[in-house]
There are 2 protein chains.
Amino acid sequence: MSTIFFLIYMFLNMLSTYLKPEIIRNRINNTFDNIAYIRYYIRKLIGQAKSINLQSTLSIDMAVTIRDIARRVGVTKATVSLVLTGGKSSVRISDTTRNKVLEAAKALNYFPSFHARALVKGRTFTLGLVIGEIHSPYYSELASLAMEEAESQGYHMLVSVTRWSVEKELECLDMLLRRRVDGILFATAALRPGVRQFDYLQEQKFPIAHLGFSTGFSSVRSDWEPGMDQAAEYLQGKGHRRIGFLVGSDFELVGDERRIALEASCAKRGLACEVVRCSPTIEAARLAGAQMTRSNDRPSAVIVQSDHLAIGLIRGLHDQAVHVPDGISIIGCDGTRDGESSIPSLTTIAQDLRRQVRESVEIVLQMIANREMPRKDILIPTKLIVRDSA
Amino acid sequence: MSTIFFLIYMFLNMLSTYLKPEIIRNRINNTFDNIAYIRYYIRKLIGQAKSINLQSTLSIDMAVTIRDIARRVGVTKATVSLVLTGGKSSVRISDTTRNKVLEAAKALNYFPSFHARALVKGRTFTLGLVIGEIHSPYYSELASLAMEEAESQGYHMLVSVTRWSVEKELECLDMLLRRRVDGILFATAALRPGVRQFDYLQEQKFPIAHLGFSTGFSSVRSDWEPGMDQAAEYLQGKGHRRIGFLVGSDFELVGDERRIALEASCAKRGLACEVVRCSPTIEAARLAGAQMTRSNDRPSAVIVQSDHLAIGLIRGLHDQAVHVPDGISIIGCDGTRDGESSIPSLTTIAQDLRRQVRESVEIVLQMIANREMPRKDILIPTKLIVRDSA
DNA sequence: GTGAAAGCGCTAACAA
DNA sequence: TTGTTAGCGCTTTCAC
C-alpha cells in the first residue's frame with residue numbers, strides 16, 4: 001500500500017518539478033509561432049491552470065525577445081543568446097543554427113533589451129554628462145564633443161542639464177546613478193565635499209572626472225596662465241596700459257581662475273588690471289558695454305570672461321557708437337566658433353575643448369577599468385588667437 | 001519498509017523545496033548585514049554546496065539593492081518595494097516599517113535600479129530625440145527645449161546625434177529602440193518609407209513625432225508662408241524688387257519649403273526671386289557672400305535659409321566692404337538668439353521653436369497613451385522679426 | 001553543438 | 001500589515 005503511495009508521490013513530485021512554470025512556458029513557447037495573442041492566451045491558460053502570476057502578461061508587449069526567436073528556430077534561448085552576443089564564447093554554434101537565428105532575428109525585428117542586458121552584466125556602457133546648459137556655444141560644443149568622444153570609445157553619453165541649479169544638479173546625479181551609468185563627466189561645480197552624493201561617490205571611488213572645475217575628483221581644466229599672459233603681452237605691445245576684465249559673477253569659479261591669471265600677468269608686466277562684474281547673461285554684458293561708454297576714464301582694452309559675453313559687450317559698445325577695436329579693444333575667452341564669424345571677429349583666449357573632453361573621458365574610462373586609480377589633475381594650456389577685435 | 005522510503009522521500013522533497021537557492025539566499029541574507037564580501041562568500045558556499053551558477057557573483061557589485069535594505073530592516077524585499085514605490089497601492093505599510101525602510105534606504109545610499117524597474121514595468125519614462133547636431137544655435141536650442149519639455153512632463157530625454165548621416169541615424173534609432181524608449185522625437189529626415197526601421201515603427205504604431213519634417217509620421221512643422229510673405233512685403237515696402245534666397249543645399253528638405261513659400265509670395269507680389277545655393281556651412285555662406293560682391297548685378301536683398309548661414313553671409317559681404325543693411329539687406333530664418341547680439345542684429349523669420357517642441361512632445365505622449373491615435377500634422381506659423389540687417 | 005536552469009533587481013498578485 | 005513567489009529579458013555555467 002505504502003509502495004503505491006510512494007509511487008504516486010514520486011510521480012507527483014516529478015510532475016511538479018516538470019511543471020515549473022518557466023519550463024512549461026519554454027516547452028509551449030517552442031511549439032507555437034510568434035503571434036502575440038497566442039502567447040497571451042497560452043500564458044493566461046497556464047495561469048489559470050497553475051495560478052501563475054499574470055501581472056504584466058495582461059499588457060501584451062509587442063517587443064520581440066530571444067524567446068520568440070528561439071521558438072521560431074526551434075532552439076533554446078541560450079543558443080540564441082550565444083549566437084547574438086557574437087559567440088566569442090568558447091561554445092561553438094553550427095553555422096546552420098547561427099544563420100537561422102540571425103535570419104529569424106532580422107525577420108522578427110529583434111532589438112535586444114538594453115535593460116535586461118544591463119541588469120545581468122552590471123555594466124551599461126553609458127557615461128553621464130552633467131552640464132549646466134546646452135544652448136550656449138561653449139557648452140553645446142562641449143556636449144557635442146563629449147558625445148562624440150564617448151561614442152568613439154564604444155560608450156553612449158547620457159546628457160543631463162542642470163540649468164545651473166544646485167538642487168537640479170543633485171537630481172541629475174541621482175538620475176544617472178539610478179540609470180547605473182558606468183561613469184560621470186562633471187561640467188558643473190555644485191558637487192562639493194559635504195554633499196551626500198559627493199561623499200558617496202568619493203567613497204565608492206565612482207568613475208568621475210570634473211571638467212573645468214576641481215572640487216575633489218580627478219579633474220581636467222584649462223591653464224589660463226599662458227593664454228592670459230599672451231593676451232597681456234599682446235595688449236601691452238599695442239600700447240595698452242590699463243586692462244579691464246569683465247566677469248559674469250554667477251560663475252565665480254570660472255571667472256576667478258581667469259581673473260587671477262590675468263592679474264598675475266598684469267602685475268608681472270606692470271599693467272593696471274580693473275575688474276568689472278555683471279550677471280552672466282548676454283544682455284547683462286550688453287548693458288555693461290553701454291555703461292562703459294559713459295565713463296571717460298575706462299580701460300583701453302577689456303578681456304571678457306567668455307566669448308559669449310564678449311559679443312554682448314561689443315554689441316553694447318556698438319549701441320553707443322564705440323567701435324571695436326578702434327574705440328576699445330576686446331578679447332574674449334573660450335575660443336568658440338561664433339567668434340570667428342562675428343563682426344568684428346573676436347580675438348580670444350582659446351581653450352582646447354576637444355583635448356579637455358578627450359582627457360576627461362580617458363580618466364573616466366581608466367577609473368572604470370580600475371577604481372583604485374589615483375586622482376589626476378590635468379591642466380591644458382590656453383592660447384591667444386588674434387583676430388579683429390583687439 | 002516502503003513507508004520508510006516514503007518518509008525519506010518526502011523529507012528529501014521537502015528539503016529540496018526549502019533549499020531552493022532563492023529561498024536560502026533570502027534567509028541567509030536576512031541574517032547578515034550588508035557586507036559585500038560576506039554576501040560573496042555565502043553565495044559561493046551555497047554555490048559549492050548546491051552547484052549554483054556563479055556568473056556575476058564573481059564581480060562583486062557594490063550597488064545597494066532592496067534586498068540589502070530588507071535585510072537591514074528585517075522585512076522582505078516586497079515590503080521595501082511597497083514603501084519605496086510610494087505605496088499608492090492599496091496595501092498599507094505600518095508607519096514604523098515605512099520609516100525604518102526609508103531610513104535604511106538613506107543610510108545605505110540606495111539608488112533604485114532603473115533597468116530592473118524598466119524590465120518589469122515595460123516602460124522607461126524616457127523619450128528619444130534624434131537630431132542632426134547640437135552645436136549650432138538652432139539645434140542646440142531645440143535640444144535644450146525638448147529636454148526641458150520632456151522633463152516637465154515627467155520624462156527624460158535621451159539625445160542621439162546623427163551628424164546628418166543617414167546610416168548614423170538608423171543606428172541611433174536602433175539604439176533608442178534597444179533602450180526601449182517610450183517614444184521618439186525625430187528632428188532629422190533620413191527615415192522614410194522603405195527603410196526597414198520606418199516600416200517597423202509604422203507597423204508597431206510606435207509613438208513618434210517628426211519635428212520640422214514630414215515623411216509619414218505625425219509631424220510638427222513651421223508654416224513658412226506667413227513669415228515669408230511678411231518678409232517679402234516688408235522688403236517690397238522698402239523698395240526692393242529682386243530678392244535673393246540663399247539655400248544650404250544639403251538640407252534640401254529644410255530649404256525647399258522655405259524657398260517655395262518665398263517664391264509663391266514673390267510671384268504674388270510681382271517680385272523677382274533668385275535662388276543661390278551653397279553648402280550648409282558657415283564658411284560656405286561666407287564665401288557665397290564674398291562672391292556676391294563680385295557681381296554688380298545682384299539682388300538688393302537676400303533671405304538666407306538660416307540665421308547661422310545669414311551671419312556667415314554678412315561676414316562674407318563685410319569682408320569685401322559691402323555693409324549690411326546699407327549695401328544689401330539680409331534676412332535670416334529661424335529666429336535664434338545669436339541674431340539678437342550680432343552686428344548688425346539680424347532681421348529674421350522666426351519659428352516658434354518652443355511651441356513646436358511642446359506640440360510634438362504632446363503628440364508622442366498621446367500616442368504612448370493610445371497607439372491608435374490618428375496621424376496629426378501640425379503647422380505652426382512663422383513671423384518676421386525686424387531688426388537691423390534689413 | 002545544444003539544452004537546462006539560475007540569477008541580475010525589481011514589481012505585484014495572492015496568500016496568510 | 002507583511003511574506004511568498006513568479007516573472008520581466010537576458011547571459012552564462014554546467015551537463016549531456
Side-chain angles (χ1 to χ4, degrees), chain A residues 18 20-23 25-27 30 43 46-47 50-59 61 63-70 73-85 87 89-98 110-123 178 180, chain B residues 20-23 25-26 30 43 46-47 50-59 61 63-70 73-85 87 89-98 110-123 178 180:
Chain A
Y18 280 99
K20 277 209 216 151
E22 170 74 8
I23 296 179
R25 226 180 315 107
N26 268 323
R27 296 223 192 301
N30 280 322
R43 284 196 199 162
I46 302 175
K50 291 267 306 173
S51 174
I52 278 185
N53 188 333
L54 285 184
Q55 52 174 85
S56 41
T57 306
L58 291 173
S59 76
D61 63 327
V64 175
T65 74
I66 45 169
R67 183 146 66 223
D68 298 312
I69 299 178
V73 176
V75 293
T76 53
K77 290 191 301 174
T79 310
V80 175
S81 175
L82 285 176
V83 172
L84 294 176
T85 36
S89 157
S90 61
V91 188
R92 286 208 201 143
I93 303 288
S94 70
D95 277 0
T96 332
T97 310
R98 173 191 307 295
Y110 170 72
F111 293 97
S113 159
F114 172 76
H115 305 294
R117 192 169 285 176
L119 201 52
V120 63
K121 303 270 277 190
R123 296 266 318 259
R178 280 198 300 271
R180 299 289 190 266
Chain B
K20 276 207 218 153
E22 170 75 7
I23 297 180
R25 226 180 315 107
N26 269 323
N30 281 321
R43 284 197 199 162
I46 302 175
K50 294 262 311 172
S51 175
I52 278 186
N53 188 335
L54 284 184
Q55 52 177 88
S56 39
T57 305
L58 291 173
S59 74
D61 62 329
V64 175
T65 74
I66 46 170
R67 182 147 63 223
D68 298 312
I69 299 179
V73 176
V75 291
T76 53
K77 290 190 300 173
T79 310
V80 176
S81 175
L82 283 176
V83 172
L84 294 176
T85 35
S89 159
S90 61
V91 188
R92 285 203 205 147
I93 303 288
S94 70
D95 278 0
T96 332
T97 311
R98 173 190 308 291
Y110 170 73
F111 294 97
S113 159
F114 172 76
H115 306 295
R117 193 168 284 178
L119 201 53
V120 64
K121 303 271 279 190
R123 296 264 322 257
R178 280 198 299 271
R180 299 291 190 265

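Below, each value reflects all heavy atoms present in this structure, side chains not excepted, and no hydrogens, waters or symmetry copies. Proteins come first, then strands; the chains are lettered A, B, ... in the order of their sequence lines, and each starts at number 1.
Taking 4.0 angstrom as the limit, A:Thr85 places none of its side-chain polar atoms (N or O) nearer than this to OP1 or OP2 of D:dT12. For A:Ser81, a side-chain nitrogen or oxygen approaches OP1 or OP2 of D:dT11 to under 4.0 Å. Between A:Thr79 and C:dG3, a side-chain N or O to OP1/OP2 separation shorter than 4.0 Å is present. Phosphate proximity of C:dG9 to B:Arg117: absent, as no side-chain N or O sits under 4.0 Å from OP1 or OP2.
Nearest to the side-chain atoms of A:Val120 among the listed nucleotides D:dG9, C:dT11, D:dT2 stands D:dG9. The side chain of B:Arg67 sits closest to C:dG9 out of C:dA4, C:dT11, C:dG9. Here the nucleotide nearest the side chain of B:Thr65, chosen from C:dG1, D:dC10, C:dG9, is C:dG9. Checked against D:dC10, C:dG1, C:dC10, the side chain of B:Lys77 finds its nearest nucleotide in C:dC10. Distance from the side chain of A:Ala78 is smallest to C:dA5 among D:dC10, C:dG9, C:dA5. Each of C:dG1, C:dA4, C:dG9 was ranked by its minimum atom distance to the side chain of A:Thr76; first place goes to C:dA4. Distances were taken from every side-chain heavy atom of A:Leu119 (C-beta onward) to each of D:dG9, C:dC10, D:dC10; the shortest belongs to D:dG9.
Using a 4.5 Å cut-off on side-chain heavy atoms (C-beta onward), A:Val80 and A:Val73 make no contact. Contact annotation: the side chain of A:Leu84 approaches that of A:Ile69 to within less than 4.5 Å [non-hydrogen atoms, C-beta and beyond].
Residues B:Val64 and B:Asp68 come closest through the heavy atom pair CA-OD2, 3.5 Å.
In this structure, B:Leu82 places its CG atom 14 Å from C1' of D:dT5, rounding to the nearest Å. Between B:Ile66 atom CD1 and D:dG3 atom C1' the separation is 13 Å, expressed in whole Å. The NE2 atom of A:His115 sits 14 Å away from the P atom of C:dT11 (whole-angstrom rounding). Put simply, CD1 on B:Ile69 is 12 Å from C1' on C:dC10, counting in whole angstrom units. Going from atom CZ of A:Arg98 over to atom P of C:dT2 covers 10 Å, rounded to whole Å. Between the P atom of C:dC8 and the CZ atom of B:Phe111 lies a distance of 21 Å, rounded to the nearest Å. Atom CZ of B:Arg178 and atom P of D:dC10 are 12 Å apart (whole Å). Atom P of nucleotide C:dG9 and atom CG of B:Leu84 are separated by 15 Å, given to the nearest angstrom.
For the pair B:Ser81 (side chain) and B:Lys77 (backbone), a donor-acceptor distance under 3.5 Å is absent.
Every residue meeting the side-chain contact (heavy atoms from CB on, under 4.5 Å) condition with A:Ala78, not counting sequence neighbours, appears here in chain and number order: A:Thr76. The side-chain contact (heavy atoms from CB on, under 4.5 Å) check on A:Arg180 picks up A:Thr124, B:Ala63, B:Phe111, B:Ser113, B:His115, with sequence neighbours excluded. With sequence neighbours excluded, the residues forming a side chain to side chain donor-acceptor pair (under 3.5 Å) with A:Arg123 are A:Tyr155, A:Asp182, listed by chain and number.
When each of B:Arg180 and B:Thr97 is assigned the nucleotide of DNA chain D bearing its nearest heavy atom, the one mapping closer to the 5' terminus is B:Thr97.
Axis angle across the helix from C:dG1-D:dC16 to C:dA16-D:dT1, with five pairs used at each end and values rounded to 10°: 40°.
To the nearest 0.5 Å, the span separating CZ on B:Phe114 from CG on B:Leu119 amounts to 11.0 Å.
Using a 4.0 Å heavy-atom cutoff across all strands shown, B:Tyr110 reaches sugar-phosphate atoms only and no base atom.
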